[in-house]
Amino acid sequence: MDEINKPAPIKTELPDDELRKLRLDLKKITRQLNYAESLIERNRQVTIVKSNVNSLLLAEKTKQEKFMNLLLENSPDIIIMFDETGRFVYTTETFLRLIKIDNFGLINGKLFSEVFQKFTSAQLTKRMAEIFRESMSKKETIKIEEELDMSGTGVNRHYSINITPLLDQSGAVDGSIALFHDLTEIIKSKQQAEHASRAKTEFLANMSHEIRTPMNAIIGLTSIARSSNLIEKKDYCLEKIQDASAHLLGIINDILDMSKIEANKFELSFTEFNFEKMIMHTTNVINFKIEEKKQTLFVSLDPNIPKVIKSDEQRLSQVITNLLSNAVKFTPEKGSVTLIAELLSRTNGICNLRITVKDNGIGISKEQQTKLFHSFTQADGSISRRFGGTGLGLAISKNIVSLLDGDIWVESTMGEGASFIFTTSAQCSDSEAKPLLQNVNWSNIRILCVDDSQDVREYFANFGDSHNIYYDVAEDAFSAWKLIKKNVHNPYDIIFVDWMMPGMDGIELTEKIKRQDEDIATIPVIIMISVGEWTQIEKRAKEAGVDKFIPKPLFYSVLEDCINDCIGTEAEQVFSNSVEDYTDRFVGNHVLLAEDIEINREIVIELLLHTGVEIDCAENGLVACEMFSKNPSRYDLIFMDIHMPEMDGYGATRAIRAMDFPQAKTIPIVAMTANVFREDIEKCLAAGMNDHMGKPLDFDEVLTKLVKFIGK
């Protein structure tokens, strides 16, 4: 029954060709569906990428805007944007800070003229407004330069102003932008460079004159000396040639010092030295100029200054010498120059000194004072042409003082002289001054000073008080004679007498004391003091009975040595000996001179001719080594030039020190070279040399080396 009711199956078979077509259509639809899905996925990924790109672009835009804002806020230049009517649209923070406005809103929308009239003239404001209109009308940038005082300090600054129109996409003017660039420092630097260039040009011209002047003197006087048969004329020419040569050497030294300063290679060498002796030697150098102009030099040293200090003695002396030379140069004949050294403070082993050099010369104006102490600059070109000079001395002095932890300045009024003052710091020593004789009852010693200078009399009074010595002072020979007659039964032991005094000079007073009065119970020791050269009056003074001579200016140590010597104690030698004192002093000594220049060998031989020392010459370092190796026990000292052919001085010294002789390790070797800087000296010592002499050779320095190493 069930089988009867079951529906008959539907016959679904298709023809093969239709079935193949259906299958192909199905595959095609499947591929299309897959492609559609891939497109959907790709679109999704593109959307994600676009989103990321947009995020990155937004971040980069934000970053750019941030840095653009920082740039505008911190720009050293002033940038201002105006609309087409000239009203403020934007400005950088630089402008707001300069005109002291905290908020741009206070000027936003205001007209250019309304803001700028506060720090510019009405005429300039009007002119700039016209330039704004011209720039927008011509659609081009216009550049101008103006001086403005935007900060209201009363000091104008120089600005380069670029005014540029702002154009929209259609080319229409939508406003303008103004860029203010401050050129003040650039212009100032340019002016300074131009001034320095002019100064160096003037300096070179002046230097040419300064060098040619002594060279002309040397060449001319040499010709005169050669053509003259008079000994007096030759001696005169040689004396002047020596002066001109010394002047030329001073110029060269100044140039070398300034070159070291410009190259930042100027260094100091600190040693312990006697401060008073340094001052004494420095004034001795300048004394001949003082004498030439019949001037008076007075030196006042604070007795509280330590006897021994540690500083650069040579450079400190150089500064003082320069200031003294200038004072003498710009002070008329019979004028006065004073050197004062004071102790300002002494703390923890450091003493602070103030040194003043003052004169009653022509003075320096306020304008000229601003030009002092600068390289290649002189206060007044006409003055330098009149008095001479390189213009380097004060600049060098300022650098030295600065390196010595001090300061230097000038105080002056035109026509009333000038005071150059500098301070310096130095390590101080507790060394005590050499005492006067301890076994003498100084209450029984009586001293008289006769001098028409009140400064000298006060100096003696201070000396007597500080040493507890009985003293009297007299202003002239007549007053002195009255004191001598008054104290005839209690006479003076030592009388210091000035040579040049009005009415009766020191020699005449000496004759009166020693030869013309028998009432004086004890004939005193008479010591002549004078700024003049002793050789000028030596014969007459000794005939009159003068026992000793000391030059002005006076120093405590010289007076102490002199008194010690008079009482009977050997005094310290404070002045260089005369040539006669060294005659035949080095007989039996042998010196090896290594020098390649024949004229230099002749100079050394002639300088030492009277000393008795025997000199063997070698024309280069190699020959010097051979001569020493053949007979090392013959030589007591070697003078070694540095720059020589075959073998230089450094190589020769090292070769000698390496020789297998006992004398090779101990023989003194002294360098001779024009290289006089600190590093040059240290290089000589490092090579094994014992000492150093600078060229051109100085007679006193050569003798000093002989005495130091082989003196008897």
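Hydrogens, waters and symmetry mates are skipped; everything else that's a heavy atom, side chains included, is used.
Side chains of Phe422 and Asp407 form no contact here, defined as non-hydrogen atoms less than 4.5 Å apart. Residues Pro165 and Ser135 are in side-chain contact: their nearest non-hydrogen atoms beyond the backbone lie under 4.5 Å apart. In this structure, the side chains of Ile320 and Ile279 come closer than 4.5 Å at one or more pairs of heavy atoms. Counting only heavy atoms from C-beta outward, the side chains of Tyr90 and Ile80 never approach each other to under 4.5 Å. Contact check for Val410 versus Leu372: side-chain heavy atoms found under the 4.5 Å cut-off. Side-chain atoms of Thr91 and Asn108, non-hydrogen and from C-beta on, never get closer than 4.5 Å to each other. Under the 4.5 Å side-chain criterion, counting only non-hydrogen atoms from C-beta, Val319 is in contact with Val401. Within the 4.5 Å cutoff, the side chain of Leu166 has no heavy atoms near those of the Asp83 side chain.
In this structure, CE in Met278 is found 4.5 Å from CZ in Phe273, a value given to the nearest 0.5 Å. Here CZ of Phe275 is found 10.5 Å from OG of Ser317. Values are rounded to the nearest 0.5 Å. Taking CD1 of Ile78 as the reference point, atom CD of Glu93 lies at 12.0 Å (rounded to 0.5 Å). The distance from the CD atom of Gln427 to the CG atom of Asn348 is 11.5 Å, given to the nearest 0.5 Å. Put simply, CG on Asp455 and OG on Ser336 are 8.5 Å apart, with the number rounded to the nearest 0.5 Å. Here CD1 of Ile408 is found 9.0 Å from OG1 of Thr423. Values are rounded to the nearest 0.5 Å.
Enclosure of atom CD in Glu147 by more than 12 non-hydrogen atoms of other residues, nucleotides or ligands within 6.0 angstrom is indicated. For CG of Asp102, the number of neighbouring non-hydrogen atoms (other residues, nucleotides, ligands) closer than 6.0 Å is 12 at most. Heavy-atom contacts from other residues, nucleotides or ligands closer than 6.0 Å to CD of Gln45 number more than 12. Counting heavy-atom neighbours within 6.0 Å of Lys366 NZ, excluding the residue itself, gives a total of 12 or less.
Panel note: side chain Thr184, backbone His158; a donor-acceptor pair is recorded below 3.5 Å. Using modelled atom types, one side-chain atom of Asn274 and one backbone atom of Lys277 make a donor-acceptor pair closer than 3.5 Å. A donor-acceptor pair under 3.5 Å is absent between the side-chain atoms of Asn322 and the main chain of Gln318, judged by distance alone. Judged purely by atom type and a 3.5 angstrom limit, Asp149 uses its side chain to pair as donor or acceptor with the backbone of Thr153. Of the possible polar contacts, one joining the Gln368 side chain to the Ser365 backbone as a donor-acceptor pair under 3.5 Å is found. Remark: the backbone N or O of Val328 is paired with a side-chain donor or acceptor of Lys293 at under 3.5 angstrom. Judged by distance alone, the side chain of Tyr459 and the main-chain N or O of Leu554 form a donor-acceptor pair under 3.5 Å.
Glu134 and Lys139 are not joined by a salt bridge, as no carboxylate oxygen comes within less than 4.0 angstrom of a charged side-chain nitrogen. In this structure, Glu342 pairs ionically with Arg354, as a charged nitrogen and a carboxylate oxygen lie closer than 4.0 Å.
Residue Ile290 comes nearest to Thr296 through the heavy atom pair CG2-N, 4.4 Å, listed as atom of the first residue, atom of the second, then distance. Across every non-hydrogen atom of Asn360 and Pro332, the tightest pair is O-CD, 4.2 Å. Residues Gly335 and Thr331 share a closest heavy-atom pair of CA-CG2, 3.8 Å. Contact record, Phe555 with Leu301: CD2-CD1, 3.8 Å, taken as the closest heavy-atom pair.
Ring geometry for Phe82 versus Phe132: interplanar angle over 60°, hence perpendicular rather than tilted (30 to 60°).
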TODO: Verify salt bridge (charged side-chain N to carboxylate O under 4.0 Å, His left out) between Glu185 and Arg157, making sure each step is shown before the conclusion.
DONE: CA-CA 9 Å; Glu185 299 304 324; Arg157 299 191 68 82; 3.3 Å; yes
TODO: Verify side-chain contact (heavy atoms from CB on, under 4.5 Å) between Glu84 and Asp174, making sure each step is shown before the conclusion.
DONE: CA-CA 5 Å; Glu84 68 278 8; Asp174 199 24; 4.1 Å; yes
Open item on the list: Using the rule given for side-chain contact (heavy atoms from CB on, under 4.5 Å), can you reason through Phe420 versus Thr356, listing the C-alpha separation, both sets of side-chain angles and the distance that settles it, and then say yes or no?
Closed with: CA-CA 6 Å; Phe420 282 85; Thr356 303; over 6 Å; no
Task: Stepwise side-chain contact (heavy atoms from CB on, under 4.5 Å) test for Leu183 and Ile186 - done: CA-CA 5 Å; Leu183 297 176; Ile186 296 176; 4.0 Å; yes
TODO: Kindly indicate, with the supporting measurements, whether the criterion side-chain hydrogen bond (donor to acceptor under 3.5 Å, both in side chains) is fulfilled by Thr125 and Thr120.
DONE: CA-CA 6 Å; Thr125 303; Thr120 60; 2.6 Å; yes
Open item on the list: With side-chain contact (heavy atoms from CB on, under 4.5 Å) as the criterion, how do Leu124 and Phe116 come out once you've worked through the C-alpha distance, each side chain's angles and the decisive distance to 0.1 Å?
Closed with: CA-CA 9 Å; Leu124 180 58; Phe116 269 66; over 6 Å; no
- [ ] Quick one: do Asn162 and Thr141 satisfy side-chain hydrogen bond (donor to acceptor under 3.5 Å, both in side chains)? Show the steps, please.
- [x] CA-CA 7 Å; Asn162 284 17; Thr141 298; over 6 Å; no
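Results of the side-chain contact (heavy atoms from CB on, under 4.5 Å) test with Ile355 over Ile340, Leu339, Ile421 single out Leu339 as the only residue that passes.
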